[in-house]
Amino acid sequence: KQEVTQIPAALSVPEGENLVLNCSFTDSAIYNLQWFRQDPGKGLTSLLLIQSSQREQTSGRLNASLDKSSGRSTLYIAASQPGDSATYLCVPTQGGSEKLVFGKGTKLTVNP
Amino acid sequence: GAVVSQHPSWVICKSGTSVKIECRSLDFQATTMFWYRQFPKQSLMLMATSNEGSKATYEQGVEKDKFLINHASLTLSTLTVTSAHPEDSSFYICSASAGGTYEQYFGPGTRLTVT
């Protein structure tokens, strides 16, 4: 059974810092891995999708890497802003079923 | 990009009544739609997977007679919470997949409060 762990569970940083969010998953048989953000009381916003054959994806200040064989992904946020404050979710898509597996996420607070 | 809408965005209903939530893919055909539930400070939990024209597949522990899912077209799926009770109060989120990349696009969610 796939399990997703995100470290740290919560992170508070001053504005402008570069930061790294870590994710590990137990089953490497995945189609892809998505990073989402969720604001309080809101739905999910897709940030990046990395196919299982890819190593990384970049969008603006965000860069996500994937090491499928070791079950790890990282999300790098450059020059953090208060608007980046949210819960970040690392979500692999299970091979064979399309099911997404959610962990508890990392709650990020960027202080002005 | 692919857009998924949900209606209503929030609903309050009385205990014992039924409520229907709609999930629509606005600019693509969704071969598969998923329904999730999220309790406060908890992770999203998959409730069921539905394919157009087929019966939904429910996750273990989810009552299929209580949570009725209909996926009548490639752009619309509905979740009906029957005989709702206060413990059904939650945030319900749908997602849709067009296949191919197996990327799922999420709706904005529906906040259900049962009084």
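We name chains A, B, ... by the order of the sequence lines, and we start the count at 1 in each one.
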With a 4.5 angstrom heavy-atom cut-off, could you sort out which part of [X] is near chain A: side chain, backbone, both or neither?
{"X": "B/T32", "answer": "side chain"}
{"X": "B/Q6", "answer": "neither"}
{"X": "B/L46", "answer": "side chain"}

Query raised in the report: Does the pair B/T82 and B/D65 meet the rule for a side chain to side chain donor-acceptor pair (under 3.5 Å), with working shown?
Result: CA-CA 8 Å; B/T82 62; B/D65 294 330; over 6 Å; no

Report task. Sort A/E98 into side chain, backbone, both or neither according to what part of it lies under 4.5 angstrom from a heavy atom of chain B. Result -> both

Query raised in the report: Is it the side chain or the backbone of A/K42 that comes within 4.5 Å of chain B heavy atoms, both, or neither?
Result: backbone

Query raised in the report: Can A/S65 and A/T74 be counted as having a side-chain donor-acceptor contact under 3.5 angstrom?
Result: yes

Requested in this report: Measure from the ring center of B/Y105 to the ring center of B/F28 and say whether it is less than 6.0 Å.
Outcome: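 Under 6.0 Å, so yes.
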
Query raised in the report: Does atom NE2 of B/H85 have more than 12 heavy-atom neighbours, drawn from other residues, nucleotides or ligands, at distances under 6.0 Å?
Result: yes

**Report entry** B/R24/B/E22 ion pair, N-O < 4.0 Å
**Finding:**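 Answer for the salt bridge query: yes.
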
